[in-house]
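For ligands, and for the atoms within them, numbers begin at 1 and follow the listed sequence. All figures in this text were calculated on a predicted structure; none of them were measured in a lab.
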Amino acid sequence: MIPLYAHPSGRHFLQIPGPTNVPDRVLRAIDHATVDHRGPEFGRLGLAVLQGMQWVFQTRSPVIIYPSSGTGAWEAALVNTLSPGDRVLMAETGHFATLWHRLAMRLGLDVELIEGDWRHGADPLQIQARLAADTGHRIKAVCVVHNETSTGAVTDIAQVRQAIDRSGHPALLMVDAISSLGAMDYRHDEWGVDVGVAGSQKGLMMPPGLSFNALSERALAAAQSARLPRSYWDWGAMLPLNASGYFPYTPATNLLYGLHEALDMLRAEGLPRVQARHQRLAAATRAAVRAWGLEIVCQDPAAHSSALTAVLTPDGHSADALRKVILDRYDMSLGQGLGRLSGKAFRIGHLGDLNDLSLCGALAGVEMGLSAAGVPHRRGGLQAAVDYLAQAAADAAPAA
Ligand code: PLP
């Protein structure tokens, strides 16, 4: 018999929560002759993308662009603002919060960790209590992950800001917006974030390779006295050159052409519409998961991510075996369970360049995969998503 699924045709379904699908327009923009990064054309490109990133972050303060993955921007946020032995308050929301915590420890920071169950966002009241107890103001920064990509639980950053203000504590607020920026509401200035950290490969619809720090006046002031060693990540070396669109070392020229195009696409759709689209796709996904009778990792309905949904497989059923069947048969990649969720959960990415019908294709793949892998579930998840999306479209249609 001919093995039916041996040669996938059509496009691969990349439904991991980053890297996300890169639109053809962006790929074509990256396919550009590499220019002199000290010449006039580059200066114009540099200025345009630096300003564009201020717009996405919703900030008037400078944004730094690094040729690195998001991990580099995590490190940059810490080394530019802190000194050896400084105390930092972090919230254990999941795998990525754990990795940032480990990075901070390795840098010689004294990290106080608020433990979490990996099923909720960070609790602003716990943050407030820790800060209130720190009467000597030893804590120099509060670091939280906005959208915890390992669990699909969101932390309310405006509430964290209020908690810091209520405690009257001067700590800086650093926010990992790596999987939220460009997909979910993020307001750097309004929420009083001091350092926002992001990456290119999620809501910005770009390949991996660029990362970002959005700053604040307080963060810039902290950088004046911070003593952790820094060279490659030094904001001080970047900012004077960025003012005219240039960089202190060779920038990722072609990725910046792609970023320029991606920013144009986001501008044309408008951030409110981009966010509403993500909310709609997320709600449809959750409707499917509930109809299948499976459990969503995030237990707080107010904290459900609109970028991804992490789903637990029933006890005794490997999420990795399910993902393998789906990849082999339907050529779709789903996110694996990370850290303590390894083998127990899979993640459906629904962020970036995605629409109702691509999501339906992805959910069809999950539903067929659940049957093929023998994972107990009810039928009708895809139908529940279709019903949700059809209703959303009808509600949005202008009255006849
Ligand atoms: N923080 C979050 C929330 C992430 O989702 C990721 C990656 O997925 C990272 C940090 C690490 O970023 P990178 O893998 O680009 O270094």
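- Ranking the protein heavy atoms by distance from atom 11 (C) of ligand 1 puts Thr71 OG1, 3.8 Å first.
- Under a 3.5 Å cut-off, the side chain of Asp300 and the backbone N or O of Ala302 do form a donor-acceptor pair.
- Salt-bridge annotation for Arg87 and Asp134: absent, with no side-chain N of the basic residue lying under 4.0 Å from a carboxylate O of the acidic one.
- Side-chain atoms of Asp194 come within 3.5 Å of backbone atoms of Leu173 as a donor-acceptor pair (strictly under, hydrogens ignored).
- The shortest N or O to N or O distance between Ser69 and ligand 1 is below 3.5 Å.
- Close contacts of ligand 1 with Thr149, meaning ligand atoms under 4.0 Å from a residue heavy atom, involve 2 (C), 3 (C), 4 (C), 5 (O).
- The shortest N or O to N or O distance between Asn147 and ligand 1 is not under 3.5 Å.
- The backbone N or O of Cys298 sits less than 3.5 Å from a side-chain atom of His304, completing a donor-acceptor pair.
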- Task: Take Asp31 and Arg28, measure what salt bridge (Lys or Arg N to Asp or Glu O under 4.0 Å) needs, and give me the verdict at the end.
- Result: CA-CA 5 Å; Asp31 181 9; Arg28 281 196 293 270; over 6 Å; no
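- The main-chain N or O of Met206 is never found under 3.5 Å from a side-chain atom of Ser200 such that the two would form a donor-acceptor pair.
- In terms of modelled atom types and a separation under 3.5 Å, the side chain of Gln201 and the main chain of Gly209 share no donor-acceptor contact.
- The side chain of Lys202, and not its backbone, has at least one atom closer than 4.0 Å to an atom of ligand 1 (non-hydrogen atoms only; side chain from C-beta on).
- Not a single heavy atom of Trp100 sits less than 4.0 Å from an atom of ligand 1.
- Proximity of a side-chain donor or acceptor of Glu261 to a complementary backbone N or O of Ala29 within less than 3.5 Å is not detected.
- Ranking protein heavy atoms by distance to atom 9 (C) of ligand 1, first place goes to Phe96 CD2, 3.5 Å.
- Against a heavy-atom cut-off of under 4.0 Å, Asp176 is close to the following atoms of ligand 1: 1 (N), 2 (C), 3 (C), 10 (C).
- When His146, His95, Gln201, Glu75 are ranked by how near their heavy atoms come to atom 14 (O) of ligand 1, first place goes to Gln201.
- Remark: ligand 1 and Ile178 share no N or O pair separated by less than 3.5 Å (distance only, no angle test).
- When the heavy atoms of Gly94, Pro19, Gly70 are ranked by distance to atom 12 (O) of ligand 1, first place goes to Gly70.
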